[in-house]
Amino acid sequence: MLNILWFSAPHPCFLGPGQPCDCLPPLRAAAEQLRQKDLRISQLQADLRRPPPAPAQPPEPEALPTIYVVTPTYARLVQKAELVRLSQTLSLVPRLHWLLVEDAEGPTPLVSGLLAASGLLFTHLAVLTPKAQRLREGEPGWVRPRGVEQRNRALDWLRSGGGAVGGEKDPPPPGTRGVVYFADDDNTYSRELFEEEWGAMRWTRGVSVWPVGLVGGLRFEGPRVQDGRVVGFHTAWEPNRPFPVDMAGFAVALPLLLAKPSARFDAAAPRGHLESSLLSHLVDPKDLEPRAANCTRVLVWHTRTEKPKMKQEEQLQRQGRGSDPAVEV
């Protein structure tokens, strides 16, 4: 019968008579790690059992500053289509007042009816562009600034009131919190432009800015921002303009406009300087307030509706069979 002997290294606890055991610190450290893991697991389990926090709520509409949207408009075949599209975007935005200004001697039934049916809080104004400022037959649209008299008429109403042909007649009283935005009727606007982070445009202190898509021969044109401040502009055409921004690319705090009564659009401004003719009276470029995620998001586009081709309509009219003029388009 064979006897097999097993030999193994002594356990550290058995180092010999009179030698202390050195295993207690590692054991204590391991026990503490296990205790911390158990504690973390208990915390996670408690978090899972706890009901989720209620989502943060935006301010009540009554607490929001008002957005005053100024829109010049003029009679043309696509006018109603443009205004319907814009009005339906604006109807999604709380605490908004639409200042619609016709290039006409007085209100037209088409615009008056559209405003009445829009459900928006509005003020209807009208002022005719002087003949000397109007585009002549065959002139391209960029030769003369358009909508100047209409935008200035809206500024006059905001500052002193009077002359409204429909809707709200009284201007905002002194001390009203609000912001003024110039929105042409042929652009395309995202609702987020007005309500980004519950209305970033609304909290403009001076002049806020953001990029505009499909303008100036570029995919987008707008401010360049570094460390939360405007340090320049992404633009290709006349980059040395005082404010190389599009009309749809800025908003002005109402108190600032009221405090600067001489700030107006200049009909004699050189091409591309119409925006600068107003903004130069209001703010320094270094003090512009970037919005739309520090000007990294495009939320408005400088679109143009194609002019409809009416050859068949003209042919039918010559035959006395044109479309019924009583049907509003």
Residue pairs meeting ring pair (Phe, Tyr, Trp, His ring centres under 6.0 Å), one or both in residues 64-84, sequence neighbours left out, come to Tyr68-His97

Looking at Glu313 and Lys311, does any basic side-chain N land under 4.0 Å from a carboxylate oxygen?
no

Tightest non-hydrogen contact, residues Pro211 and Ala292, listed as CD-CB, 4.4 Å

| Is it true that a side-chain atom of Arg159 and a backbone atom of Lys260 form a donor plus acceptor pair closer than 3.5 Å? | yes

- Decide side chain to side chain contact (heavy atoms under 4.5 Å, CB included) for Leu83 and Val111; before the verdict, give the C-alpha distance in whole Å, the side-chain angles of both, and the deciding distance to 0.1 Å. CA-CA 8 Å; Leu83 292 177; Val111 174; 4.2 Å; yes

- request: Please step through side chain to side chain contact (heavy atoms under 4.5 Å, CB included) for the pair His302 and Arg304, ending with a clear verdict.
  value: CA-CA 7 Å; His302 197 272; Arg304 295 284 180 86; 3.4 Å; yes

Side chains of Glu192 and Arg297: closer than 4.5 Å at any heavy-atom pair? yes

Assess whether atom CD of Glu105 is packed by more than 12 heavy atoms of other residues, nucleotides or ligands within 6.0 Å. no

Output for pair (Asn294 CG, Arg224 CZ), nearest 0.5 Å, gives 13.5 Å

Student check: side-chain heavy atoms of Pro290 and Pro223 closer than 4.5 Å:
no

Arg95 and Arg202 have their tightest heavy-atom pair at O-NH1, 3.1 Å

Exercise for review: Check whether any side-chain heavy atom of Leu158 sits under 4.5 Å from a side-chain heavy atom of Pro172, and report yes or no.
Suggested key: yes

Between Ala263 and Leu155, the two heavy atoms sitting closest are O-CD1, 3.9 Å

_Is it the case that atom CG in Asp227 sees more than 12 heavy atoms from other parts of the structure closer than 6.0 Å?_
no

message: Donor-acceptor check, side chain of Ser160 to backbone of Asp156, threshold 3.5 angstrom: yes or no?
response: yes

Minimum side-chain heavy-atom gap Glu82-Arg76 below 4.5 Å:
yes

* Asked: Do Thr71 and Arg151 come close enough that some side-chain heavy atom pair is under 4.5 Å?
  -> no

Given the options Leu121, Ile67, Leu115, Trp98 meets side-chain contact (heavy atoms from CB on, under 4.5 Å) only with Leu115

What one should report as the nearest heavy-atom pair of Glu328 and Leu110 is OE2-CA, 3.5 Å

All heavy atoms of Ala154 vs all of Val70, minimum pair found to be CB-CG1, 3.5 Å

Less than 4.5 Å apart, any side-chain heavy atom of Glu289 and any of Val207?
no

Exercise. Is Leu99 linked to Val148 within one hydrophobic cluster, defined over Ile, Leu, Val, Met, Phe, Trp and Tyr using a side-chain heavy-atom separation of less than 4.5 Å?
Worked result: yes

Compile the donor-acceptor pairs under 3.5 Å between side chains in residues 243-257 and protein atoms, sequence neighbours left out, one pair per line.
| unit_1 | atom_1 | unit_2 | atom_2 | d |
| --- | --- | --- | --- | --- |
| Asp246 | OD2 | Ala248 | N | 3.0 |

Let me check something: do Trp210 and Phe233 share a hydrophobic cluster, defined by ILVMFWY side-chain heavy atoms less than 4.5 Å apart, either directly or through other members?
no

Side-chain (Asp103) to main-chain (Leu128) donor-acceptor, under 3.5 angstrom = no

Separation between CG (Leu316) and CE (Met310), nearest 0.5 Å, reads 11.0 Å

Exercise for the section: Determine whether more than 12 heavy atoms belonging to other residues, nucleotides or ligands lie under 6.0 Å from atom CZ of Arg134. Expected result: yes

Could you check Asp185 against Thr73 for side-chain hydrogen bond (donor to acceptor under 3.5 Å, both in side chains), going step by step and ending with a plain yes or no?
-> CA-CA 7 Å; Asp185 61 4; Thr73 189; 2.9 Å; yes

Under 3.5 Å, is there a donor-acceptor pair linking the side chains of Glu102 and Thr108? yes

(request) Fit a plane to each ring of Tyr181 and Tyr189, take the angle between them on a 0 to 90° scale, and name the class: parallel (under 30°), tilted (30 to 60°) or perpendicular (over 60°). (result) perpendicular

Separation between CZ (Arg291) and CH2 (Trp203), nearest 0.5 Å, reads 11.0 Å

- prompt: Any chain of hydrophobic side-chain contacts (each under 4.5 Å) joining Phe220 to Leu214?
  reply: yes

Report task. Go through the steps for Val230 and Val209 under the test side chain to side chain contact (heavy atoms under 4.5 Å, CB included), then give the verdict. Result -> CA-CA 9 Å; Val230 174; Val209 288; 4.0 Å; yes

Review point. Does CD belonging to Gln319 count more than 12 external heavy atoms closer than 6.0 Å?
Key: yes

Note to self: Can a side-chain donor-acceptor contact be found between Ser118 and Ser87 if the only test is distance below 3.5 angstrom?
What the structure shows: no

Query raised in the report: Stepwise, does the side chain to side chain contact (heavy atoms under 4.5 Å, CB included) test hold for Arg271 with Trp237?
Result: CA-CA 11 Å; Arg271 177 190 173 194; Trp237 188 79; 3.7 Å; yes

Do His124 and Ser112 have side chains that get closer than 4.5 Å, going by heavy atoms? yes

query: Side chains of Val127 and Val101: does their closest heavy-atom pair fall under 4.5 Å?
result: yes

Do Glu149 and Thr129 have side-chain atoms, one donor and one acceptor, less than 3.5 Å apart? no

Checklist entry - Does Arg229 CZ have over 12 foreign heavy atoms under 6.0 Å away? => result no

task = Show your working on salt bridge (Lys or Arg N to Asp or Glu O under 4.0 Å) between Arg35 and Glu32 and close with a plain yes or no.
result = CA-CA 5 Å; Arg35 191 183 73 81; Glu32 178 62 19; 3.0 Å; yes

Check the hydrophobic clustering (I, L, V, M, F, W, Y; side-chain heavy atoms under 4.5 Å; chains of links allowed) and say if Leu86 and Phe194 are grouped together. yes

Nearest heavy-atom approach of Pro308 to Leu77 is CG-CB, 4.3 Å

Solution key, residues 277-287 side-chain donor-acceptor pairs under 3.5 Å, sequence neighbours excluded:
| unit_1 | atom_1 | unit_2 | atom_2 | d |
| --- | --- | --- | --- | --- |
| Ser277 | OG | Asp266 | N | 3.1 |
| Ser277 | OG | Leu274 | O | 2.6 |
| Ser280 | OG | Ser276 | O | 2.7 |

Query - Any donor-acceptor N or O pair under 3.5 Å, side chains Trp157, Thr123 - result: no

_Please determine whether residues Val84 and Leu90 belong to a single hydrophobic cluster, defined as Ile, Leu, Val, Met, Phe, Trp and Tyr linked transitively by side-chain heavy-atom distances below 4.5 Å._
yes

